[in-house]
Amino acid sequence: MAANPYRFLGLAFATADLLVEVDDRARVTFAAGAGAKLVGVDAAGLVGQSLLELFAEADRPTVEALLAGLTDGERRGLAEVELSSRAEGRVASLSAFRLPQNAPRLSCALTLAEGGKAKRRGKGKLFDRAEFESIARALIDTAKDSGPELELGLIELAGLQHQKQLLSVGEGAALDLRLAGALKAESYADAAADLGDERFAVVRRKGDAPDAIVRRLTQLLGPALTPTAHTLPVDVSGSVGRVMRALKFTLDAYIADGAPPSGASLSEVLKASVHQTVADASAFGAVVDARQFKLVFQPVVSLADGEVRHYETLVRFKDGQSPFAMIRMAEELDVIEDLDRAVADEAVKRLCADKSGRLKLAVNVSGRTIVSPGFIESLIAMAPSASTRRRLIVEITESAAIGDLKLAQRHIETLQAAGFQLCLDDFGAGAASFAYLRALKVDIVKIDGSYVRELAAAGRGDTMIRHLVNLCRELKVETVAEMVETKEVEDILRRAGVDYAQGWLYGVPQSEPSPRLAAAPSPSAAVRAAARRPGVKERWG
């Protein structure tokens with residue numbers, strides 16, 4: 001039976017809205033389909049036009065890169081590209097294929113994005129790390145059922161920064177556009193990211209070898225750059241969560257150490273990371289179980305009268321291990337709850353041993369821990385008396401780690417009903433702080449040290465802190481300012497209405513919760529530098 005050409009068109013239109021054939025200059029030689037719907041011109045009217053003119057200017061480098069260097073029988077795409085202004089900014093998926101018998105012509109297929117538009121990064125820009133992981137998860141999830149085989153591409157462009165230094169501002173911007181276009185053309189569904197330090201990542205359709213990627217990038221970006229590429233197959237047979245853990249670990253390792261071992265798959269990288277994770281978690285668990293840490297205490301004073309209000313309980317590990325590194329590792333391995341329980345238990349013992357009944361302590365609890373029902377139950381059980389509970393403040397750190405704000409609020413209400421006070425740490429750090437304050441009805445907020453440091457530098461922190469204090473006062477929430485180091489800053493905080501302050505001005509962390517020092521010894525430059533690293537002060541001041 002003779003093949004009916006309309007049958008082939010029907011099969012093609014089952015997966016595309018517009019079919020276009022272009023010559024080696026990207027001029028349309030044939031078009032069929034919903035041209036008016038996609039680009040505002042019927043299919044016949046497209047013949048003779050440049051294919052590039054169908055797309056927004058910022059996405060034309062992607063289209064050029066997609067078409068460049070296609071070998072016989074090779075297909076590339078899908079690339080997410082914005083259509084020209086006459087199509088009202090709609091987004092379509094573009095793929096290209098070179099028939100061996102049809103050279104030099106290329107076959108292109110365009111499909112309108114679902115809903116006509118798609119959520120995209122800035123025009124001509126690559127995704128950042130977080131955006132890339134989000135789109136990678138969506139692609140992997142889809143690939144489990146009906147998507148193509150995928151792989152992770154790791155690409156380094158040695159000499160990129162040096163080349164940019166030699167270019168004018170305009171030339172550098174043009175290079176960025178060509179670079180973004182070239183990498184997006186290597187990706188599947190626009191999944192290309194800038195990881196920094198001349199390193200990039202793409203999720204792509206499994207196919208040609210890394211040297212083909214290098215060949216195309218060299219052709220598009222010129223000989224001044226030295227591309228290297230590595231690909232790792234993505235096995236989607238397991239859970240999406242497991243695949244994403246492997247992907248995240250691989251990106252971390254690539255950023256820190258360069259490319260993974262040659263020939264390794266994503267699952268093999270994950271297997272190695274799991275072994276290391278288990279070893280690290282076991283070692284950390286042994287430290288916590290054996291209580292191989294000590295507690296130190298830093299005073300929090302009233303700005304009204306200078307009296308000590310309470311002490312924050314901070315952690316020091318034995319053998320000189322960095323508290324910052326250990327706690328960050330515990331948070332990343334999701335074993336921080338064990339440390340939170342152990343520290344709370346030791347703090348409660350201190351309170352129970354205090355004969356005066358006046359000692360008050362604050363303990364840090366991760367946002368990961370505050371949503372654990374088991375921790376809430378154990379904290380209430382370890383502090384059986386109302387007197388003890390009134391003297392223990394639960395300070396929530398790492399608010400961004402709270403996965404369920406409603407559950408966290410229920411747990412906060414349970415602890416408050418039992419007599420504990422709750423404090424929200426790092427208030428003002430990040431755009432989500434106000435959302436946390438709205439969702440979590442705490443008793444105290446600790447103003448992030450970045451604002452306090454701005455006071456010392458005569459920045460705008462004064463205005464910000466006054467607004468924060470006024471907001472908290474309306475909500476009947478007390479305020480604590482951290483990292484206070486000078487009398488000048490203390491005076492500004494007092495005038496702004498801050499209730500309490502903490503920092504080296506009042507005392508460095510001590511092994512006993514003693515009255516604040518009259519003149520705190522000045523920490524070394526190294527200690528000061530370390531304490532300004534993000535997150536360090538959360539557990540060790």
Side-chain angles (χ1 to χ4, degrees), residues 295-314 347 350-351 354-364 387 390-395 420-428 442-459 461-523 527-528 531-532 537-541:
L295 302 182
V296 293
F297 306 88
Q298 188 172 35
V300 177
V301 305
S302 168
L303 288 176
D305 55 21
E307 295 298 318
V308 175
R309 196 262 189 184
H310 67 270
Y311 300 85
E312 182 176 5
T313 306
L314 306 166
R350 285 269 184 168
L351 293 174
D354 174 51
K355 303 302 182 183
S356 70
R358 293 193 297 270
L359 178 64
K360 296 183 71 174
L361 298 177
V363 293
N364 290 289
S387 171
R390 284 196 299 269
R391 294 183 290 131
L392 186 65
I393 300 167
V394 177
E395 193 166 311
F420 299 94
Q421 282 194 307
L422 274 293
C423 173
L424 183 63
D425 195 14
D426 298 328
F427 184 64
V442 295
D443 306 290
I444 308 165
V445 298
K446 181 175 283 188
I447 299 171
D448 186 69
S450 61
Y451 294 122
V452 178
R453 290 200 298 270
E454 283 185 21
L455 295 181
D462 186 7
T463 302
M464 292 295 297
I465 286 178
R466 281 190 283 106
H467 285 302
L468 294 179
V469 170
N470 289 336
L471 172 63
C472 291
R473 188 170 291 156
E474 290 181 10
L475 296 174
K476 296 181 172 55
V477 173
E478 293 183 307
T479 51
V480 177
E482 62 185 2
M483 297 188 184
V484 181
E485 300 178 10
T486 68
K487 281 287 185 181
E488 291 77 12
V489 169
E490 181 188 57
D491 289 340
I492 295 172
L493 294 170
R494 187 180 290 110
R495 290 195 300 270
V498 175
D499 297 303
Y500 307 103
Q502 175 183 2
W504 288 320
L505 179 64
Y506 312 106
V508 295
Q510 299 290 312
S511 58
E512 294 295 329
S514 56
R516 66 187 176 99
L517 305 177
S522 178
V527 170
R528 286 179 179 271
R532 283 176 169 79
K537 53 87 189 169
E538 289 175 358
R539 300 299 177 99
W540 62 292

Exercise. Please identify each residue that fulfils side chain to side chain contact (heavy atoms under 4.5 Å, CB included) with V469, with sequence neighbours left out.
Key: I447, I465, R473, T479, V498

Quiz item: So do D443 and F420 actually touch side chain to side chain, heavy atoms under 4.5 Å?
Solution: no

Quiz prompt | Gap between atom CG of L468 and atom CG of D448 - 0.5 Å precision | solution = 10.0 Å

Exercise. Decide, yes or no, whether a salt bridge links D354 with R391 under the criterion of side-chain N to carboxylate O below 4.0 Å.
Key: yes

Self-check item: C423 side chain reached by V480 side chain, heavy atoms, under 4.5 Å
Solution: no

Practice problem: Output the distance between atom CZ (R358) and atom CG (L351), rounded to the nearest 0.5 Å. | Solution: 13.5 Å

Self-check item: Minimum-distance pair of heavy atoms, taken over all atoms of G306 and V301
Solution: O-CB, 4.2 Å

Exercise. Identify the heavy atoms of C472 and F427 that sit nearest to each other, and give their distance.
Key: SG-CE2, 4.3 Å

Self-check item: Qualifying residue, where the test is side-chain hydrogen bond (donor to acceptor under 3.5 Å, both in side chains) with E478 and the options are K446, Q421, R309
Solution: R309

Self-check item: Closest non-hydrogen atom pair, G507 against P299
Solution: O-CD, 4.2 Å

Quiz prompt | Trace of the side-chain contact (heavy atoms from CB on, under 4.5 Å) decision for Q502 with H310 | solution = CA-CA 10 Å; Q502 175 183 2; H310 67 270; 6.0 Å; no

Quiz item: Hey, does the side chain of T313 reach the backbone of A362 with a donor-acceptor pair shorter than 3.5 angstrom?
Solution: yes

Practice problem: Verify side-chain contact (heavy atoms from CB on, under 4.5 Å) between Y506 and V300, making sure each step is shown before the conclusion. | Solution: CA-CA 8 Å; Y506 312 106; V300 177; over 6 Å; no

Practice problem: List the steps and the verdict of side-chain contact (heavy atoms from CB on, under 4.5 Å) for L314 and F297. | Solution: CA-CA 6 Å; L314 306 166; F297 306 88; over 6 Å; no

Quiz prompt | By side chain to side chain donor-acceptor pair (under 3.5 Å) - contacts of S387 (at least two apart) | solution = none

Quiz item: Can E482 and D426 be said to form a side-chain contact (heavy atoms from CB on, under 4.5 Å), step by step?
Solution: CA-CA 9 Å; E482 62 185 2; D426 298 328; 4.1 Å; yes

Quiz item: Side chains of E312 and N364: does their closest heavy-atom pair fall under 4.5 Å?
Solution: yes

Quiz item: Taking C-beta and beyond as the side chain, do L505 and T486 meet within less than 4.5 Å on heavy atoms?
Solution: no

Practice problem: Output all residues satisfying side chain to side chain donor-acceptor pair (under 3.5 Å) with E474, sequence neighbours left out; order by chain, then residue number. | Solution: none

Quiz item: Taking only residues two or more places apart in sequence, or in another chain, which ones meet S511 in a side chain to side chain donor-acceptor pair (under 3.5 Å)?
Solution: none

Quiz item: To the nearest 0.5 Å, what is the distance between CD1 (I492) and CZ (R466)?
Solution: 10.5 Å

Quiz item: Listed by chain and number, what are the side chain to side chain donor-acceptor pair (under 3.5 Å) partners of N470, not counting sequence neighbours?
Solution: none

Self-check item: A501 to V484 - nearest heavy-atom pair and separation
Solution: CB-CG2, 3.9 Å

Self-check item: With R494 via salt bridge (charged side-chain N to carboxylate O under 4.0 Å, His left out) - residues at least two apart
Solution: E490, D491

Practice problem: Hey, could you give me the CG/CD1 distance between L422 and I393, rounded to the nearest 0.5 Å? | Solution: 10.0 Å

